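As C-alpha coordinates, the structure follows; a few thoughts come after it.
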Amino acid sequence: MIGPLEILAGLAIMLGLMFIGFHVATTMLVVGLLGAMLHFGMPAINAVGEQLWAAGEDYLLLSIPLYILLGEILMRGGATDKMYQSLGQWLNRMPGGLLHTNIGASALFSAVSGSSVATAATISTVALPAFRNRKYDQRMVLGTIAAGASLGNLIPPGVAFIIYGSMTNTSAARLYMAGILPGAIMTVLFLLTILAICVWRPSVAGTREARTPLMEKLRHSVHLLGPLAVFAVVMGGIYTGWATVTESAALGVIVCLPIAAGYRKLNIAMLHECFRSTMRLTAMTALILVAALYLNFVLSMLGVPQALANLIKSADVSPIMLLWMLAVLYLVLGIALETMPMLVGTLPVVFPIIQAAGIDPVFFGVFMVLMCEISLISPPIGMTLYVIQGVRGEGSINDVFQGTLPFFAAMIVMTAILIHNPSIATYLPNLMFGK
(Lines give C-alpha, C1' and ligand atoms only; values in the text may rest on other atoms or scores of the structure.)
Protein backbone atom coordinates (compact mmCIF):
# COMPACT_ATOMS: atom_id res chain seq x y z
CA MET A 1 0.00 0.00 0.00
CA ILE A 2 1.07 3.58 -0.62
CA GLY A 3 0.47 6.58 1.61
CA PRO A 4 -1.75 9.67 1.15
CA LEU A 5 1.20 11.86 0.13
CA GLU A 6 2.12 9.53 -2.73
CA ILE A 7 -1.53 9.46 -3.81
CA LEU A 8 -1.72 13.27 -3.83
CA ALA A 9 1.59 13.50 -5.69
CA GLY A 10 0.32 11.16 -8.41
CA LEU A 11 -2.96 13.08 -8.70
CA ALA A 12 -1.06 16.38 -8.90
CA ILE A 13 1.20 15.04 -11.67
CA MET A 14 -1.79 13.81 -13.65
CA LEU A 15 -3.83 17.01 -13.32
CA GLY A 16 -0.72 19.10 -14.01
CA LEU A 17 -0.03 17.28 -17.27
CA MET A 18 -3.65 17.76 -18.32
CA PHE A 19 -3.48 21.43 -17.43
CA ILE A 20 -0.45 22.09 -19.63
CA GLY A 21 -2.11 20.43 -22.60
CA PHE A 22 -1.30 16.70 -22.64
CA HIS A 23 -4.10 14.54 -24.00
CA VAL A 24 -6.32 13.24 -21.20
CA ALA A 25 -6.16 9.56 -22.18
CA THR A 26 -2.38 9.67 -22.69
CA THR A 27 -1.86 11.33 -19.31
CA MET A 28 -3.89 8.78 -17.37
CA LEU A 29 -2.34 5.84 -19.18
CA VAL A 30 1.18 7.16 -18.59
CA VAL A 31 0.51 7.73 -14.88
CA GLY A 32 -0.98 4.24 -14.59
CA LEU A 33 1.97 2.64 -16.39
CA LEU A 34 4.43 4.62 -14.28
CA GLY A 35 2.78 3.48 -11.05
CA ALA A 36 2.67 -0.13 -12.26
CA MET A 37 6.32 -0.08 -13.33
CA LEU A 38 7.61 1.48 -10.10
CA HIS A 39 5.72 -0.82 -7.76
CA PHE A 40 5.11 -4.08 -9.64
CA GLY A 41 7.49 -4.24 -12.61
CA MET A 42 6.81 -5.97 -15.91
CA PRO A 43 3.93 -8.27 -14.81
CA ALA A 44 1.67 -5.23 -14.34
CA ILE A 45 2.93 -3.68 -17.59
CA ASN A 46 2.19 -6.90 -19.46
CA ALA A 47 -1.38 -6.78 -18.13
CA VAL A 48 -2.16 -3.58 -20.06
CA GLY A 49 -3.70 -5.32 -23.05
CA GLU A 50 -5.87 -7.59 -20.92
CA GLN A 51 -7.08 -4.67 -18.78
CA LEU A 52 -7.86 -2.45 -21.74
CA TRP A 53 -9.81 -5.25 -23.39
CA ALA A 54 -11.75 -5.93 -20.18
CA ALA A 55 -12.51 -2.21 -19.80
CA GLY A 56 -13.77 -1.88 -23.37
CA GLU A 57 -16.02 -4.93 -23.50
CA ASP A 58 -18.51 -3.63 -20.91
CA TYR A 59 -21.92 -4.05 -22.59
CA LEU A 60 -23.22 -0.88 -20.94
CA LEU A 61 -20.66 1.25 -22.80
CA LEU A 62 -22.28 0.33 -26.11
CA SER A 63 -25.08 2.72 -25.19
CA ILE A 64 -22.74 5.72 -25.46
CA PRO A 65 -22.50 5.78 -29.30
CA LEU A 66 -26.21 4.97 -29.52
CA TYR A 67 -27.20 8.01 -27.43
CA ILE A 68 -24.84 10.21 -29.43
CA LEU A 69 -26.32 8.88 -32.70
CA LEU A 70 -29.84 9.44 -31.38
CA GLY A 71 -29.15 13.13 -30.77
CA GLU A 72 -27.42 13.51 -34.14
CA ILE A 73 -30.42 12.12 -36.03
CA LEU A 74 -32.86 14.39 -34.21
CA MET A 75 -30.66 17.42 -34.84
CA ARG A 76 -29.95 16.75 -38.51
CA GLY A 77 -33.46 15.41 -39.10
CA GLY A 78 -35.11 18.77 -38.41
CA ALA A 79 -36.93 17.78 -35.22
CA THR A 80 -35.08 20.25 -33.00
CA ASP A 81 -35.92 23.27 -35.19
CA LYS A 82 -39.64 22.55 -34.98
CA MET A 83 -39.41 21.69 -31.28
CA TYR A 84 -37.80 25.06 -30.56
CA GLN A 85 -40.43 26.99 -32.51
CA SER A 86 -43.26 25.19 -30.74
CA LEU A 87 -41.84 25.77 -27.26
CA GLY A 88 -41.26 29.41 -28.16
CA GLN A 89 -44.96 29.90 -28.80
CA TRP A 90 -45.79 28.61 -25.30
CA LEU A 91 -43.03 30.40 -23.36
CA ASN A 92 -42.43 33.71 -25.16
CA ARG A 93 -45.12 35.66 -23.27
CA MET A 94 -43.29 35.23 -19.95
CA PRO A 95 -41.00 38.07 -18.76
CA GLY A 96 -37.87 37.21 -20.69
CA GLY A 97 -39.67 36.01 -23.80
CA LEU A 98 -37.64 33.65 -25.95
CA LEU A 99 -34.89 33.40 -23.32
CA HIS A 100 -37.10 30.87 -21.54
CA THR A 101 -37.35 28.91 -24.78
CA ASN A 102 -33.58 28.33 -24.74
CA ILE A 103 -33.89 26.63 -21.34
CA GLY A 104 -37.04 24.68 -22.20
CA ALA A 105 -35.70 23.45 -25.53
CA SER A 106 -32.38 22.47 -23.94
CA ALA A 107 -34.18 20.52 -21.20
CA LEU A 108 -36.30 18.65 -23.74
CA PHE A 109 -33.38 17.94 -26.06
CA SER A 110 -31.28 16.84 -23.06
CA ALA A 111 -33.94 14.25 -22.32
CA VAL A 112 -33.05 12.46 -25.53
CA SER A 113 -29.46 13.38 -26.42
CA GLY A 114 -27.48 12.68 -23.22
CA SER A 115 -24.70 15.13 -24.14
CA SER A 116 -24.20 18.72 -22.97
CA VAL A 117 -21.89 19.58 -25.88
CA ALA A 118 -24.43 18.21 -28.39
CA THR A 119 -27.18 20.21 -26.66
CA ALA A 120 -25.08 23.40 -26.82
CA ALA A 121 -24.33 22.93 -30.52
CA THR A 122 -27.91 22.04 -31.42
CA ILE A 123 -29.70 24.77 -29.50
CA SER A 124 -27.13 27.39 -30.61
CA THR A 125 -27.72 26.48 -34.24
CA VAL A 126 -31.49 26.77 -33.82
CA ALA A 127 -31.72 29.67 -31.36
CA LEU A 128 -29.16 32.24 -32.52
CA PRO A 129 -30.89 32.98 -35.86
CA ALA A 130 -34.19 33.47 -33.98
CA PHE A 131 -32.65 36.27 -31.90
CA ARG A 132 -30.79 37.97 -34.74
CA ASN A 133 -33.46 40.58 -35.52
CA ARG A 134 -34.80 40.92 -31.99
CA LYS A 135 -33.58 43.43 -29.40
CA TYR A 136 -32.48 40.96 -26.73
CA ASP A 137 -29.29 41.47 -24.75
CA GLN A 138 -26.76 39.26 -26.54
CA ARG A 139 -25.02 38.23 -23.32
CA MET A 140 -28.29 36.97 -21.84
CA VAL A 141 -29.07 35.06 -25.03
CA LEU A 142 -25.68 33.35 -24.97
CA GLY A 143 -25.87 32.75 -21.22
CA THR A 144 -29.26 31.02 -21.42
CA ILE A 145 -28.02 28.73 -24.19
CA ALA A 146 -24.96 27.79 -22.12
CA ALA A 147 -27.09 27.25 -19.01
CA GLY A 148 -29.58 25.08 -20.87
CA ALA A 149 -26.77 23.02 -22.35
CA SER A 150 -25.53 22.22 -18.85
CA LEU A 151 -28.68 20.12 -18.40
CA GLY A 152 -27.44 17.71 -21.08
CA ASN A 153 -25.93 15.16 -18.73
CA LEU A 154 -28.02 15.87 -15.63
CA ILE A 155 -31.38 15.08 -17.24
CA PRO A 156 -31.47 11.38 -18.16
CA PRO A 157 -30.34 9.69 -20.28
CA GLY A 158 -26.88 11.18 -19.80
CA VAL A 159 -23.59 9.77 -21.08
CA ALA A 160 -21.83 10.93 -17.89
CA PHE A 161 -24.12 8.69 -15.83
CA ILE A 162 -23.15 5.72 -17.98
CA ILE A 163 -19.44 6.41 -17.50
CA TYR A 164 -19.87 6.92 -13.75
CA GLY A 165 -21.92 3.73 -13.48
CA SER A 166 -19.37 1.73 -15.45
CA MET A 167 -16.44 2.95 -13.35
CA THR A 168 -18.14 2.47 -9.98
CA ASN A 169 -20.40 -0.54 -10.67
CA THR A 170 -23.46 1.59 -9.90
CA SER A 171 -26.79 0.86 -11.60
CA ALA A 172 -27.32 3.14 -14.61
CA ALA A 173 -31.10 2.75 -14.20
CA ARG A 174 -30.88 4.08 -10.63
CA LEU A 175 -28.63 6.93 -11.75
CA TYR A 176 -31.07 7.92 -14.50
CA MET A 177 -33.96 7.97 -12.06
CA ALA A 178 -31.82 9.94 -9.58
CA GLY A 179 -31.18 12.67 -12.13
CA ILE A 180 -34.84 13.48 -12.83
CA LEU A 181 -35.69 15.64 -9.78
CA PRO A 182 -32.35 17.52 -9.67
CA GLY A 183 -32.63 18.15 -13.43
CA ALA A 184 -36.16 19.50 -13.01
CA ILE A 185 -35.15 21.73 -10.08
CA MET A 186 -32.15 23.01 -12.02
CA THR A 187 -34.41 23.87 -14.97
CA VAL A 188 -36.78 25.80 -12.69
CA LEU A 189 -33.86 27.67 -11.09
CA PHE A 190 -32.68 28.76 -14.54
CA LEU A 191 -36.18 29.97 -15.46
CA LEU A 192 -36.46 31.87 -12.14
CA THR A 193 -33.05 33.44 -12.80
CA ILE A 194 -34.28 34.74 -16.15
CA LEU A 195 -37.50 36.04 -14.55
CA ALA A 196 -35.59 37.84 -11.79
CA ILE A 197 -33.16 39.50 -14.22
CA CYS A 198 -35.91 40.54 -16.64
CA VAL A 199 -38.09 41.99 -13.85
CA TRP A 200 -35.07 43.88 -12.56
CA ARG A 201 -33.88 44.99 -16.02
CA PRO A 202 -36.71 44.60 -18.59
CA SER A 203 -34.49 45.99 -21.35
CA VAL A 204 -32.50 42.73 -21.61
CA ALA A 205 -35.57 40.99 -23.10
CA GLY A 206 -36.29 43.64 -25.73
CA THR A 207 -39.88 44.17 -26.88
CA ARG A 208 -42.63 41.82 -25.74
CA GLU A 209 -43.28 38.96 -28.15
CA ALA A 210 -46.56 38.85 -30.07
CA ARG A 211 -49.30 36.66 -28.64
CA THR A 212 -49.87 33.36 -30.47
CA PRO A 213 -53.49 32.12 -30.70
CA LEU A 214 -54.18 29.06 -28.55
CA MET A 215 -55.28 26.89 -31.47
CA GLU A 216 -52.06 27.64 -33.32
CA LYS A 217 -50.04 26.70 -30.23
CA LEU A 218 -51.90 23.42 -29.95
CA ARG A 219 -51.50 22.70 -33.65
CA HIS A 220 -47.74 23.28 -33.53
CA SER A 221 -47.38 21.23 -30.35
CA VAL A 222 -47.34 18.14 -32.55
CA HIS A 223 -43.63 18.91 -33.06
CA LEU A 224 -43.01 18.19 -29.38
CA LEU A 225 -44.33 14.67 -29.72
CA GLY A 226 -41.22 13.31 -31.49
CA PRO A 227 -38.70 14.08 -28.72
CA LEU A 228 -41.24 13.08 -26.06
CA ALA A 229 -41.84 9.77 -27.84
CA VAL A 230 -38.09 9.06 -27.93
CA PHE A 231 -37.81 9.85 -24.21
CA ALA A 232 -40.82 7.64 -23.43
CA VAL A 233 -39.40 4.72 -25.41
CA VAL A 234 -35.92 4.99 -23.88
CA MET A 235 -36.99 5.47 -20.27
CA GLY A 236 -40.06 3.27 -20.56
CA GLY A 237 -37.99 0.39 -21.91
CA ILE A 238 -35.61 0.64 -18.96
CA TYR A 239 -38.15 0.98 -16.15
CA THR A 240 -40.68 -1.53 -17.38
CA GLY A 241 -37.88 -4.09 -17.55
CA TRP A 242 -38.58 -4.72 -21.21
CA ALA A 243 -35.12 -3.55 -22.32
CA THR A 244 -31.70 -2.89 -20.83
CA VAL A 245 -30.13 0.58 -20.89
CA THR A 246 -28.21 -0.31 -24.05
CA GLU A 247 -31.21 -1.90 -25.77
CA SER A 248 -33.35 1.14 -24.90
CA ALA A 249 -30.77 3.40 -26.52
CA ALA A 250 -30.99 1.30 -29.68
CA LEU A 251 -34.79 1.52 -29.60
CA GLY A 252 -34.48 5.30 -29.29
CA VAL A 253 -32.36 5.41 -32.45
CA ILE A 254 -34.98 3.35 -34.30
CA VAL A 255 -37.76 5.73 -33.19
CA CYS A 256 -35.73 8.72 -34.44
CA LEU A 257 -35.63 7.38 -38.00
CA PRO A 258 -39.35 7.78 -38.82
CA ILE A 259 -39.28 11.21 -37.12
CA ALA A 260 -36.52 12.33 -39.50
CA ALA A 261 -38.42 10.74 -42.39
CA GLY A 262 -41.53 12.69 -41.40
CA TYR A 263 -39.56 15.93 -41.81
CA ARG A 264 -38.23 14.64 -45.18
CA LYS A 265 -34.61 14.78 -43.99
CA LEU A 266 -33.88 11.05 -43.87
CA ASN A 267 -31.40 10.13 -46.61
CA ILE A 268 -28.02 8.47 -47.05
CA ALA A 269 -26.08 11.74 -46.90
CA MET A 270 -27.72 12.76 -43.61
CA LEU A 271 -27.09 9.35 -42.03
CA HIS A 272 -23.49 9.43 -43.26
CA GLU A 273 -22.90 12.73 -41.42
CA CYS A 274 -24.61 11.35 -38.30
CA PHE A 275 -22.40 8.25 -38.32
CA ARG A 276 -19.20 10.26 -38.86
CA SER A 277 -19.95 12.60 -35.99
CA THR A 278 -20.93 9.68 -33.74
CA MET A 279 -17.72 7.79 -34.52
CA ARG A 280 -15.58 10.85 -33.81
CA LEU A 281 -17.20 11.58 -30.43
CA THR A 282 -17.32 7.91 -29.42
CA ALA A 283 -13.65 7.33 -30.21
CA MET A 284 -12.65 10.31 -28.09
CA THR A 285 -14.83 9.20 -25.17
CA ALA A 286 -13.83 5.53 -25.32
CA LEU A 287 -10.10 6.26 -25.45
CA ILE A 288 -10.34 8.39 -22.31
CA LEU A 289 -12.51 5.85 -20.54
CA VAL A 290 -10.32 2.77 -21.11
CA ALA A 291 -7.24 4.70 -19.98
CA ALA A 292 -9.08 5.76 -16.81
CA LEU A 293 -10.15 2.19 -16.11
CA TYR A 294 -6.55 0.95 -16.42
CA LEU A 295 -5.46 3.66 -13.99
CA ASN A 296 -8.25 2.49 -11.68
CA PHE A 297 -6.86 -1.06 -11.90
CA VAL A 298 -3.36 0.11 -10.92
CA LEU A 299 -4.70 2.19 -8.03
CA SER A 300 -6.60 -0.81 -6.72
CA MET A 301 -3.44 -2.94 -6.82
CA LEU A 302 -1.58 -0.20 -4.94
CA GLY A 303 -4.18 -0.20 -2.17
CA VAL A 304 -5.27 3.39 -2.79
CA PRO A 305 -8.94 2.76 -1.87
CA GLN A 306 -7.96 1.25 1.49
CA ALA A 307 -5.47 4.05 2.23
CA LEU A 308 -8.03 6.75 1.49
CA ALA A 309 -10.72 4.98 3.49
CA ASN A 310 -8.39 4.85 6.51
CA LEU A 311 -7.57 8.52 6.06
CA ILE A 312 -11.24 9.54 6.10
CA LYS A 313 -11.97 7.42 9.16
CA SER A 314 -9.07 8.99 11.06
CA ALA A 315 -9.97 12.57 9.98
CA ASP A 316 -13.53 12.29 11.36
CA VAL A 317 -15.01 14.65 8.74
CA SER A 318 -18.80 14.78 8.44
CA PRO A 319 -20.33 13.74 5.08
CA ILE A 320 -21.69 17.27 4.48
CA MET A 321 -18.32 18.87 5.18
CA LEU A 322 -16.65 16.33 2.89
CA LEU A 323 -19.08 17.11 0.09
CA TRP A 324 -18.45 20.84 0.43
CA MET A 325 -14.69 20.21 0.34
CA LEU A 326 -15.14 18.18 -2.85
CA ALA A 327 -17.43 20.87 -4.31
CA VAL A 328 -14.73 23.51 -3.80
CA LEU A 329 -12.15 21.16 -5.31
CA TYR A 330 -14.29 20.58 -8.40
CA LEU A 331 -15.10 24.27 -8.78
CA VAL A 332 -11.37 24.99 -8.86
CA LEU A 333 -10.67 22.10 -11.23
CA GLY A 334 -13.52 23.22 -13.47
CA ILE A 335 -11.65 26.43 -14.21
CA ALA A 336 -8.82 24.45 -15.81
CA LEU A 337 -10.29 21.07 -16.84
CA GLU A 338 -13.18 19.86 -18.96
CA THR A 339 -15.92 17.44 -17.87
CA MET A 340 -14.36 14.16 -18.95
CA PRO A 341 -10.92 14.70 -17.34
CA MET A 342 -12.63 15.79 -14.12
CA LEU A 343 -14.91 12.79 -14.01
CA VAL A 344 -12.61 9.95 -15.01
CA GLY A 345 -9.42 11.52 -13.67
CA THR A 346 -10.60 12.05 -10.10
CA LEU A 347 -13.21 9.33 -9.64
CA PRO A 348 -10.73 6.49 -8.91
CA VAL A 349 -9.36 8.57 -6.02
CA VAL A 350 -12.55 10.22 -4.79
CA PHE A 351 -14.97 7.28 -4.91
CA PRO A 352 -13.24 5.25 -2.16
CA ILE A 353 -13.38 8.36 0.04
CA ILE A 354 -17.14 8.77 -0.29
CA GLN A 355 -17.64 5.04 0.28
CA ALA A 356 -15.66 5.28 3.51
CA ALA A 357 -17.77 8.30 4.56
CA GLY A 358 -21.00 6.32 4.01
CA ILE A 359 -22.28 8.55 1.18
CA ASP A 360 -24.80 6.93 -1.18
CA PRO A 361 -23.03 6.21 -4.51
CA VAL A 362 -26.22 7.01 -6.47
CA PHE A 363 -26.48 10.42 -4.81
CA PHE A 364 -22.78 10.99 -5.37
CA GLY A 365 -23.21 10.17 -9.07
CA VAL A 366 -25.70 13.04 -9.37
CA PHE A 367 -23.37 15.30 -7.35
CA MET A 368 -20.43 14.44 -9.62
CA VAL A 369 -22.41 15.06 -12.80
CA LEU A 370 -23.62 18.41 -11.43
CA MET A 371 -20.03 19.41 -10.64
CA CYS A 372 -18.95 18.39 -14.13
CA GLU A 373 -21.81 20.38 -15.66
CA ILE A 374 -20.68 23.46 -13.72
CA SER A 375 -17.25 23.01 -15.30
CA LEU A 376 -18.85 23.25 -18.75
CA ILE A 377 -19.87 26.88 -18.12
CA SER A 378 -16.79 27.87 -16.08
CA PRO A 379 -14.51 30.33 -17.92
CA PRO A 380 -11.94 30.08 -19.35
CA ILE A 381 -12.05 26.34 -20.23
CA GLY A 382 -15.80 25.54 -20.31
CA MET A 383 -16.36 23.50 -23.46
CA THR A 384 -19.93 24.62 -24.14
CA LEU A 385 -18.87 28.27 -24.07
CA TYR A 386 -16.53 27.72 -27.02
CA VAL A 387 -19.08 25.58 -28.86
CA ILE A 388 -21.62 28.39 -28.60
CA GLN A 389 -19.08 31.01 -29.70
CA GLY A 390 -18.07 28.79 -32.61
CA VAL A 391 -21.67 28.55 -33.82
CA ARG A 392 -22.11 32.29 -33.25
CA GLY A 393 -19.08 33.12 -35.38
CA GLU A 394 -18.89 36.80 -34.38
CA GLY A 395 -18.19 39.06 -31.42
CA SER A 396 -16.06 38.18 -28.41
CA ILE A 397 -16.02 35.06 -26.24
CA ASN A 398 -16.20 37.47 -23.28
CA ASP A 399 -19.89 38.02 -24.11
CA VAL A 400 -20.49 34.32 -23.51
CA PHE A 401 -18.43 34.38 -20.30
CA GLN A 402 -20.39 37.32 -18.87
CA GLY A 403 -23.75 35.90 -19.90
CA THR A 404 -23.19 32.68 -17.97
CA LEU A 405 -22.40 34.33 -14.61
CA PRO A 406 -26.00 34.51 -13.27
CA PHE A 407 -26.57 30.88 -14.22
CA PHE A 408 -23.25 29.83 -12.72
CA ALA A 409 -24.55 31.32 -9.47
CA ALA A 410 -27.82 29.38 -9.88
CA MET A 411 -25.83 26.14 -10.22
CA ILE A 412 -23.96 26.92 -6.98
CA VAL A 413 -27.36 27.33 -5.30
CA MET A 414 -28.38 23.95 -6.76
CA THR A 415 -25.19 22.41 -5.36
CA ALA A 416 -26.09 23.67 -1.88
CA ILE A 417 -29.64 22.36 -2.21
CA LEU A 418 -28.40 18.94 -3.27
CA ILE A 419 -25.73 18.63 -0.57
CA HIS A 420 -28.15 19.52 2.23
CA ASN A 421 -31.07 17.55 0.75
CA PRO A 422 -29.60 14.33 -0.68
CA SER A 423 -33.07 12.73 -0.80
CA ILE A 424 -33.74 14.88 -3.89
CA ALA A 425 -31.50 12.44 -5.76
CA THR A 426 -32.29 9.23 -3.88
CA TYR A 427 -36.07 9.49 -3.44
CA LEU A 428 -37.15 8.26 -6.87
CA PRO A 429 -34.59 5.42 -7.17
CA ASN A 430 -35.50 4.17 -3.69
CA LEU A 431 -39.20 4.46 -4.47
CA MET A 432 -38.87 2.44 -7.68
CA PHE A 433 -36.18 -0.09 -6.78
CA GLY A 434 -36.14 -0.07 -2.97
CA LYS A 435 -33.19 0.88 -0.79
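No experiment lies behind these values; they were computed from the predicted model shown.
- In this view, Phe351 satisfies the ring-ring contact (aromatic ring centres under 6.0 Å, His included) rule with no residue, not counting sequence neighbours.
- Within a 6.0 Å radius of CG in Leu431, other residues, nucleotides and ligands contribute more than 12 heavy atoms.
- Shown here are the ring-ring contact (aromatic ring centres under 6.0 Å, His included) partners of Tyr330, two or more places apart in sequence or in another chain: there are none.
- Note: Phe190 and Phe407 have perpendicular aromatic rings, judged against thresholds of 30 and 60 degrees for the angle between ring planes.
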Inset, instruction - Test Met37 against Leu33 for side chain to side chain contact (heavy atoms under 4.5 Å, CB included), laying out the working first. - result: CA-CA 6 Å; Met37 182 176 66; Leu33 289 171; over 6 Å; no
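- The list of ring pair (Phe, Tyr, Trp, His ring centres under 6.0 Å) pairs with a residue in residues 264-288, not counting sequence neighbours, is empty.
- Of the possible donor and acceptor atoms, one in the side chain of Ser106 sits under 3.5 Å from a partner among the backbone N and O of Asn102.
- Taking CD1 from Ile145 and OG1 from Thr404, the interatomic distance works out to 12.0 Å, rounded to the nearest 0.5 Å.
- Judged by distance alone, with hydrogens and angles left aside, the side-chain atoms of Tyr239 form a donor-acceptor pair with the main-chain N or O of Met177 at under 3.5 Å.
- Every residue meeting the side-chain hydrogen bond (donor to acceptor under 3.5 Å, both in side chains) condition with Thr170, not counting sequence neighbours, appears here in chain and number order: Thr168.
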Legend entry - Candidate pair Met279 and Arg276, rule side chain to side chain contact (heavy atoms under 4.5 Å, CB included), full reasoning: CA-CA 5 Å; Met279 289 173 62; Arg276 285 187 59 187; 5.8 Å; no
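- Side chain of Thr122 to main chain of Thr119: no donor-acceptor pair is present (N/O by atom type, distance under 3.5 Å, no hydrogens or angles).
- In this structure the side chain of Thr101 never reaches within 4.5 angstrom of the side chain of Thr144, judged on heavy atoms.
- Under the side-chain hydrogen bond (donor to acceptor under 3.5 Å, both in side chains) criterion, Ser423 pairs with no residue at all, not counting sequence neighbours.
- The backbone N or O of Val245 sits nowhere less than 3.5 Å from a side-chain atom of Ser248 that would complete a donor-acceptor pair.
- The side-chain hydrogen bond (donor to acceptor under 3.5 Å, both in side chains) check on Thr278 picks up nothing, with sequence neighbours excluded.
- Here the side chain of Gln389 pairs no donor or acceptor atom with the backbone of Val400 at under 3.5 angstrom.
- Evaluation of the ring pair (Phe, Tyr, Trp, His ring centres under 6.0 Å) test over residues 245-267, restricted to residues two or more places apart or in two chains, returns His223-Tyr263.
- How far CD1 of Ile424 is from CD1 of Ile185: 4.0 Å, rounded to the nearest 0.5 Å.
- With sequence neighbours excluded, the residues that form a ring-ring contact (aromatic ring centres under 6.0 Å, His included) with Phe364 are Phe367.
- In terms of modelled atom types and a separation under 3.5 Å, the side chain of Thr125 and the main chain of Ala121 share a donor-acceptor contact.
- Other residues, nucleotides and ligands contribute at most 12 non-hydrogen atoms within 6.0 Å of the CZ atom of Arg139.
- Applying the ring-ring contact (aromatic ring centres under 6.0 Å, His included) test to Phe231 and every residue at least two apart in sequence or in another chain returns nothing.
- Residues satisfying the side-chain hydrogen bond (donor to acceptor under 3.5 Å, both in side chains) criterion with Gln138, sequence neighbours excluded, are absent altogether.
- Using the six-membered ring where Trp is involved, Phe161 and Tyr176 have ring planes that are perpendicular, over 60° apart on the 30 and 60° scheme.
- With sequence neighbours excluded, no residue satisfies salt bridge (charged side-chain N to carboxylate O under 4.0 Å, His left out) with Asp81.
- Side-chain atoms of Trp90 and Ser221 include a donor-acceptor pair closer than 3.5 Å.
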Inset, instruction - Could you give me the CA-CA distance, side-chain angles and deciding distance for Phe363 and Leu323, then say whether side chain to side chain contact (heavy atoms under 4.5 Å, CB included) is met? - result: CA-CA 11 Å; Phe363 158 79; Leu323 287 169; 3.5 Å; yes
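- Between the side chain of Ser116 and the main chain of Ala149, a donor-acceptor pair closer than 3.5 Å is present.
- Applying the ring pair (Phe, Tyr, Trp, His ring centres under 6.0 Å) rule to pairs touching residues 242-262 yields nothing, sequence neighbours excluded.
- Surrounding CE of Met321 are at most 12 heavy atoms belonging to other residues, nucleotides or ligands under 6.0 Å away.
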